[in-house]
Engineer: 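Pasting a structure here, questions to come.
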Amino acid sequence: MNEQPAIFGDRHAVVTGASRGIGRAIAAALAAEGARVSLLGRDEGRLSQVSRELGGTSRANPVTVDVAEVSSVHDAFATARRHFGPVHLLINSAGQAASAKFADTDPTLWNAILGVNLTGTYLCAREALPDMLQLGFGRIVNIASVAGLRGAAYISAYCASKHAIIGLTRALQGRLTDALGLDAEYVRRPDAEVFWKGKAKDGS
């Protein structure tokens, strides 16, 4: 019986938020389909554990990063390229959430959530895009939420960040399609709806 070729055939995939949750699951799925995966996240220990589970650094290489910081993202992508070459696929899965009334959402909390969710998505896409344009191939997937399609109480900063991610993705779709037929997509997380219903049912 002939084996089916791996879908991603040694393409280089960068996954943010890869130490746990959705990011970890996506990294595992990509590695299983032949991708070489750069595992980006803040928790070095967890990233190293995921790397071992996925076959070691020859298949999944851990890279620590703060996605909200320009220099950290730049250095992380440079490290990823040195290990696996130019980036073909980017999965922006890093995210942060917190529950607070709007009146209690101070600038520190606001900036922390938008920094990871929105600025992190922007910075990583900005780093990956030149590789994709040069290769003539690329895919960017941004993890959004039902909170990016409608508002909900107690999570104003989170909603704002996810609405903005969807807008950014749509803007990228036009840029990439016009340039080289590349693509950017966002993924709505249906599981988040159940979680946030409990957080947001009593008003803002």
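Note that the coordinates shown come from a computational prediction; the quantities given were computed from them, not determined experimentally.
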Engineer: May I ask you to test the R24-Q49 pair for a side-chain heavy-atom distance under 4.5 Å?
Structural biologist: yes
Engineer: Search all heavy atoms of S72 against all heavy atoms of D66 and return the closest pair with its distance.
Structural biologist: OG-N, 2.9 Å
Engineer: Tell me if the CZ atom of R81 is crowded by more than 12 foreign heavy atoms within 6.0 Å.
Structural biologist: yes
Engineer: With side chains defined as the heavy atoms from C-beta onward, is the minimum distance between F137 and M132 less than 4.5 Å?
Structural biologist: no
Engineer: Counting distance only, does the side-chain N/O of N111 pair as donor-acceptor with the main-chain N or O of P107 below 3.5 Å?
Structural biologist: yes
Engineer: List the atom of T57, the atom of P62, and the distance in Å for their closest heavy-atom pair.
Structural biologist: CG2-CD, 3.9 Å
Engineer: With a 4.5 Å heavy-atom cut-off, do V73 and E69 have their side chains touching?
Structural biologist: no
Engineer: Is there a donor-acceptor pair closer than 3.5 Å between any side-chain N or O of H83 and the backbone N or O of S58?
Structural biologist: no
Engineer: Could you check whether S38 and H12, counting side-chain N and O atoms only, form a donor-acceptor pair closer than 3.5 Å?
Structural biologist: yes
Engineer: Establish whether F84 and V14 are linked, either directly or via other cluster members, by ILVMFWY side-chain heavy-atom contacts under 4.5 Å.
Structural biologist: no
Engineer: So among V116, I140, L172, N142, which one has a side chain to side chain contact (heavy atoms under 4.5 Å, CB included) with T121?
Structural biologist: N142
Engineer: Can a donor-acceptor pair be found, under 3.5 Å and without considering hydrogens, that links the side chain of T105 to the backbone of K101?
Structural biologist: yes
Engineer: Looking at L123, V63, D131, L40, which one forms a side chain to side chain contact (heavy atoms under 4.5 Å, CB included) with F77?
Structural biologist: L40
Engineer: How close do L89 and V87 get, counting heavy atoms only, and between which atoms?
Structural biologist: O-CG1, 3.3 Å
Engineer: Is it true that atom CD of E53 has more than 12 heavy atoms of other residues, nucleotides or ligands lying nearer than 6.0 Å?
Structural biologist: yes
Engineer: What's the separation between atom CD1 in I143 and atom CD1 in I165, rounded to the nearest 0.5 Å?
Structural biologist: 9.0 Å
Engineer: Side chains of V15 and L30: closer than 4.5 Å at any heavy-atom pair?
Structural biologist: yes
Engineer: Look at the side chain of H163 and the backbone N and O of C159, then say whether any donor-acceptor pair between them is shorter than 3.5 Å.
Structural biologist: yes
Engineer: What heavy-atom pair brings T64 and A76 nearest, and what distance separates the two atoms?
Structural biologist: O-CB, 4.2 Å
Engineer: Can E127 and H74 be said to form a side chain to side chain contact (heavy atoms under 4.5 Å, CB included), step by step?
Structural biologist: CA-CA 7 Å; E127 283 288 337; H74 179 75; 3.1 Å; yes
Engineer: Any side-chain to backbone donor/acceptor pair from S48 onto E44? Under 3.5 Å, distance only.
Structural biologist: yes
Engineer: Give a yes or no answer on whether the side chain of R36 reaches the backbone of G85 with a donor-acceptor pair at less than 3.5 Å.
Structural biologist: no
Engineer: If I compare all heavy atoms of L39 with all of A27, which pair ends up nearest, and what's the gap?
Structural biologist: CD2-CB, 3.5 Å
Engineer: Do side-chain atoms of K162 reach the backbone of N117 as a donor and acceptor pair under 3.5 angstrom?
Structural biologist: no
Engineer: Say whether, by atom type as modelled, one donor and one acceptor occur between the side chain of S93 and the main chain of G23 under 3.5 angstrom.
Structural biologist: yes
Engineer: Would you indicate whether the side-chain heavy atoms of C124 and V67 approach each other to under 4.5 Å?
Structural biologist: yes
Engineer: Would the distance check show the side chain of R59 and the main-chain N or O of G34 forming a donor-acceptor pair, the cut-off being under 3.5 Å?
Structural biologist: yes
Engineer: Do side-chain atoms of S19 reach the backbone of D43 as a donor and acceptor pair under 3.5 angstrom?
Structural biologist: no
